[in-house]
Structures are given as C-alpha cells and as structure tokens.
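As a basis for the values below, the full set of heavy atoms in this structure was taken, side chains included, without hydrogen atoms, waters or symmetry mates. Just so you know, residue 1 is the first one in the sequence shown, and it goes up from there.
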Amino acid sequence: QVQAVESGGGLVQAGGSLRLSCAPSGRSFSSLVMGWFRQAPGKEREFVAAIGWSGGNTIYAHSVKGRFTISRDNAKNTVNLQMNSLKPEDTAVYYCTTDYRDQPLSVMPERYTYWGQGTQVTVSS
C-alpha cells in the first residue's frame, strides 16, 4: 500500500534550491500533522520540519532553520518543503510523513503514522 508520494528531488549545486512536494495516498481522513524527515547513508532518520493543521505552527531542525520552509495546502492535502541555500550536508533521501491525530508537533518519527517512499536530494560542492 502506497501511503504517500514525494516529488521534486534531484541534483543541485551548493547554494541552489529545490522544492519537494508530497501527497498522501488512499486517505479518507484529514492529515492534521505533516512533516519531513531525511536519511543520509549510514545515518539514522533525521527530523527536518513539521507543520500543524492551520499552517501557522511550524518547527524546524536547527540545521535547516532559515533555509527551508515547510507549507501545506489543505484543499489538496499536500505538504511542501522549499529548500534554499542548499549545502552538501543536505544530501539525503527525504521522506514525507503525516499523522491524523491531533497532537503537538514532534521531532520523533514514532509520532507519525504514514510515510512516503522517499525522494533523493543530492547537493554537489
């Protein structure tokens, strides 16, 4: 079962930008909390950003704050991640996630229920 599908990954030079998008699949309920994680080779999955239902409540990892912006479109039930000023250390597989429960935003992956298959982001020096 496909839970979500990400798009927008690719190869970009350091200092460049990419925009990731994600659409949950096969859901008959609202995605109250949506977010992004990433995982580099040999490393654990790392929190990137999350956003609440209203779109006004957001949290970011320190490593991306000021460079990345998370947003959502509730009519389309999608979540986006605008990534600017990309660095080589941003290279990873980026995963979209969502949860239908009304809960505080969290950096813990176990707080999210549904996941995408990931999209590769590669930043060259």
Side-chain angles (χ1 to χ4, degrees):
Q1 182 181 24
V2 177
Q3 298 181 339
V5 57
E6 301 98 338
S7 63
L11 175 65
V12 65
Q13 294 182 192
S17 299
L18 286 172
R19 184 177 178 86
L20 306 183
S21 296
C22 173
S25 179
R27 300 289 163 255
S28 61
F29 48 84
S30 299
S31 299
L32 298 182
V33 177
M34 306 179 84
W36 293 91
F37 286 72
R38 66 187 182 186
Q39 188 166 22
K43 297 185 178 180
E44 293 187 347
R45 190 165 296 188
E46 174 190 31
F47 172 78
V48 176
I51 187 168
W53 172 255
S54 71
N57 187 19
T58 59
I59 57 172
Y60 295 90
H62 180 266
S63 60
V64 307
K65 191 173 184 179
R67 300 187 297 119
F68 292 9
T69 302
I70 188 170
S71 61
R72 63 187 294 163
D73 185 333
N74 289 345
K76 299 179 179 179
N77 196 29
T78 58
V79 60
N80 305 304
L81 186 69
Q82 178 67 45
M83 305 186 295
N84 298 326
S85 301
L86 283 162
K87 304 175 180 179
E89 51 262 45
D90 295 319
T91 296
V93 176
Y94 283 70
Y95 296 91
C96 168
T97 188
T98 184
D99 199 277
Y100 57 88
R101 296 170 292 181
D102 186 6
Q103 59 181 342
L105 298 181
S106 177
V107 303
M108 303 177 184
E110 60 267 26
R111 297 290 297 275
Y112 301 87
T113 301
Y114 301 105
W115 295 85
Q117 294 180 325
T119 185
Q120 177 69 49
V121 172
T122 303
V123 184
S124 62
S125 60

Are D90 and R67 close enough that some pair of their side-chain heavy atoms sits under 4.5 Å apart? yes

K87 versus S63: any side-chain heavy-atom pair under 4.5 Å? no

Show the nearest heavy-atom pair for residues [X] and [Y], with the distance to one decimal.
X: A61; Y: F47; answer: CB-O, 3.4 Å
X: A4; Y: C96; answer: CB-SG, 4.4 Å
X: A92; Y: R38; answer: CB-CB, 3.8 Å
X: E6; Y: G116; answer: OE2-CA, 3.2 Å
X: L105; Y: G52; answer: CD2-N, 3.7 Å
X: A14; Y: P88; answer: CB-CD, 4.2 Å

Holding to side-chain hydrogen bond (donor to acceptor under 3.5 Å, both in side chains), I want the full list of residues that pass it with [X], two or more places apart in sequence or in another chain.
X: R45; answer: none
X: T122; answer: Q120
X: N80; answer: S21
X: N57; answer: none

If you draw a 6.0 Å radius around CD in E44, do more than 12 non-hydrogen atoms from other residues or ligands fall strictly inside? no

How long is the span from the [atom1] atom in [X] to the [atom2] atom in [Y], to the nearest 0.5 Å?
X: D73; Y: T78; atom1: CG; atom2: OG1; answer: 4.5 Å
X: T97; Y: R111; atom1: OG1; atom2: CZ; answer: 12.0 Å
X: Y112; Y: S106; atom1: OH; atom2: OG; answer: 5.5 Å

Give every residue pair that meets the disulfide bond (SG atoms under 2.5 Å apart) criterion with at least one member in residues 35-92, sequence neighbours excluded. none

[X] side chain vs [Y] backbone, donor-acceptor pair below 3.5 Å:
X: Q82; Y: R19; value: no
X: R101; Y: V33; value: no
X: Q117; Y: V5; value: no
X: Q3; Y: W115; value: yes
X: N74; Y: W53; value: yes

Give the other cluster members for V121, using side-chain heavy-atom distances under 4.5 Å between Ile, Leu, Val, Met, Phe, Trp and Tyr residues; answer none if it is isolated. V12, L18, L20, M34, W36, V48, I51, Y60, V64, F68, I70, V79, L81, M83, L86, Y94, V123

Angle between ring planes, Y100 versus Y114, binned at 30° and 60°: parallel, tilted or perpendicular? tilted

